[in-house]
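Report on one structure; see the data block that follows.
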Amino acid sequence: QSANIFGVEFTTLSENACSLPTGWTAMDLGNVGIPGEVCENGGIWTIHASGTDIWGQNDQFHYVYQKLEENMELTTRVSEIGNANVWAKAGLMIREKLNAGSPNVGIFVTSSRGIQHQNRLQENQTTLRVTQDNLGAPHWLRIRRNGGLIKTYYSETGEPDTWTSLGESLSMGEGDLWIGMAHTSHNNSLINKAVFTDVSLNTIAPSLSLSPSTLSLPATAGDSSISVNANVAWTASENTAWVTLGTNAGSGNGTLTFTYQANPGTESRTTQVTVSGGGQTKTLTLNQAGKEVVPPQLSANPKSFELGMA
């Protein structure tokens, strides 16, 4: 239902909220003035919410979410947002905990203040933002967690080559995370309406590669490193005594460091370092040159002499 107050249209809650597709859960977070609700019907998600804001040290909003697997991407089109306040927000969020002060990263369409990338990196601490002014609904939004980073994007049409990166933040924690749609009215005494369509949640395939994957080492002792490009947690192991790893584990992109001993022989030698993660195994091949052979030197002393005739 809706009501017109001083020429402004506001939405009031229906008596019965709709059910949600399998896997999705909804709840109010924080001290909301009026309970929120969500309805999904034919791919159209309508969220009604009150709440002071998603900002500062704690949040008050309605959250429609599910558990975040290791790497996922959520995309939607915010087709409509009400105007209970110019800072009313509707968008996508990844959250560490289901409490008001939890660390989180999100991207939101506002009623009249552009599109916002926001992050709170520590519980009950300040929220920061990056703003793209003069944009609003309808607009496509995307949030992606891949490896150690969470990135946000927006697009006017949703077509593949039209996405603009708005912000990125370090991923949160090692435990369960939550991903979903969030809406706050920015007026805790009023319910606001936001409409989401084209909701798509996809798992990002694990990736792991080494750069370079082969190294040539001198015969003398030393140290070296390579880059690990990954969106998963990984471990490394060596199979020889003459190589010692300085880094044997990581998560996401990282650097694999190691030391190697001098080659006592004249023949070159080869060993491998194995890096595994996300169901994949990659191999670093190390080729060390043999010790240089120094040819024997022949000398005479004195170096010259004269022969005479008697």
Side-chain angles (χ1 to χ4, degrees), residues 23-24 54 63-78 91-98 102-109 115-122 127-130 132 139-182 196 198-213 225-236 247-256 275-282 284:
W24 291 94
I54 301 171
Y63 195 31
V64 184
Y65 64 93
Q66 60 177 275
K67 185 177 178 181
L68 173 69
E69 302 299 335
E70 188 165 8
N71 293 296
M72 300 187 82
E73 176 182 273
L74 178 59
T75 302
T76 191
R77 179 177 183 263
V78 179
L92 306 176
M93 174 188 288
I94 293 176
R95 202 167 184 88
E96 184 178 288
K97 299 177 182 178
L98 297 175
S102 170
N104 68 87
V105 180
I107 181 169
F108 305 99
V109 172
I115 296 178
Q116 311 279 330
H117 167 97
Q118 296 186 184
N119 68 268
R120 180 189 301 126
L121 298 182
Q122 297 183 13
T127 300
L128 304 175
R129 70 173 172 233
V130 177
Q132 181 60 57
H139 244 85
W140 292 74
L141 304 179
R142 175 173 291 162
I143 190 166
R144 173 187 293 165
R145 189 221 189 186
N146 193 15
L149 287 177
I150 298 174
K151 297 184 179 182
T152 60
Y153 307 83
Y154 66 89
S155 168
E156 185 176 358
T157 65
E159 294 299 318
D161 296 329
T162 64
W163 290 90
T164 299
S165 175
L166 184 56
E168 66 178 48
S169 304
L170 294 176
S171 187
M172 300 162 285
E174 296 296 331
D176 291 343
L177 298 178
W178 310 97
I179 186 169
M181 294 165 281
F196 298 73
D198 301 276
V199 176
S200 175
L201 180 61
N202 298 300
T203 299
I204 298 174
S207 64
L208 176 67
S209 64
L210 308 180
S211 180
S213 59
S225 65
I226 65 163
S227 296
V228 179
N229 306 304
N231 64 2
V232 295
W234 50 269
T235 58
T247 308
N248 58 15
S251 182
N253 296 335
T255 302
L256 176 65
V275 181
S276 301
Q280 302 182 48
T281 299
K282 304 297 180 180
L284 167 65

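Scanning both residues, A230 and N253, for their nearest heavy atoms gives N-OD1, 2.9 Å. Minimum interatomic distance between L166 and Q116 (heavy atoms only, all atoms of both residues): CD2-C, 3.8 Å. For the residue pair A182 and F108, the shortest heavy atom distance occurs at CB-CE2, 4.0 Å. The two atoms that bring G147 and S171 nearest to each other are O-CB, 4.1 Å, heavy atoms only. When all heavy atoms are compared, the tightest approach of A236 to T247 is CB-O, 4.2 Å. W24 approaches V64 most closely through the heavy-atom pair CZ3-O, 3.7 Å.
Within 6.0 Å of atom CD in E156, 12 or fewer heavy atoms from other residues, nucleotides or ligands are found, so the atom counts as exposed in its surroundings.
Looking at heavy atoms from C-beta onward, T76 lies in side-chain contact with L92 at the 4.5 angstrom threshold. Side-chain contact between H139 and V78: absent, with no pair of heavy atoms (C-beta onward) separated by less than 4.5 Å. Contact check for L170 versus L149: side-chain heavy atoms found under the 4.5 Å cut-off. With contacts defined as side-chain heavy-atom distances shorter than 4.5 Å, the pair S207/V232 does not qualify. Using a 4.5 Å heavy-atom threshold, the side chains of N146 and K151 count as separate. Counting heavy atoms from C-beta outward, Y65 and L98 have side chains that approach closer than 4.5 Å. Residues L177 and R145 have side chains in contact (heavy-atom distance under 4.5 Å, counting atoms from C-beta outward). When side chains are defined from C-beta on, W178 does not count as touching L68, because their heavy atoms never get closer than 4.5 Å.
A distance-only check finds a donor-acceptor pair linking the side chain of Q280 to the backbone of P206 [under 3.5 Å]. Side chain of Y63 to main chain of M93: a donor-acceptor pair is present (N/O by atom type, distance under 3.5 Å, no hydrogens or angles). Panel note: side chain W234, backbone G252; a donor-acceptor pair is recorded below 3.5 Å. Panel note: side chain W140, backbone T157; a donor-acceptor pair is recorded below 3.5 Å. Counting only distance, with no hydrogens or angles, the side chain of N71 and the backbone of N231 share a donor-acceptor pair below 3.5 Å.
Taking CG of L141 as the reference point, atom CD1 of I115 lies at 5.5 Å (rounded to 0.5 Å). For the atom pair L74 CG and M181 CE, the distance stands at 6.5 Å (nearest 0.5 Å). Atom CD1 of I107 is separated from atom CD1 of I150 by 12.5 Å, given to the nearest 0.5 angstrom. To the nearest 0.5 Å, atom OH of residue Y153 and atom OG1 of residue T164 are 11.0 Å apart. Taking CD1 of I179 as the reference point, atom CD1 of I94 lies at 4.0 Å (rounded to 0.5 Å). In this structure, CG in L121 is found 10.0 Å from CD in E96, a value given to the nearest 0.5 Å.
T255 and S225 share no side-chain donor-acceptor pair at under 3.5 Å. No side-chain N or O of S276 forms a donor-acceptor pair with one of T235 less than 3.5 Å apart. Side-chain contact check for S200 and N202: at least one donor-acceptor pair (N or O, by modelled atom type) lies under 3.5 Å.
Screening R142, H117, E168 against T152 for a side-chain hydrogen bond (donor to acceptor under 3.5 Å, both in side chains) leaves a single residue, H117.
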**OP:** Applying side-chain contact (heavy atoms from CB on, under 4.5 Å), run through T75 and D198 and close with a yes or a no.
**Re:** CA-CA 7 Å; T75 302; D198 301 276; over 6 Å; no
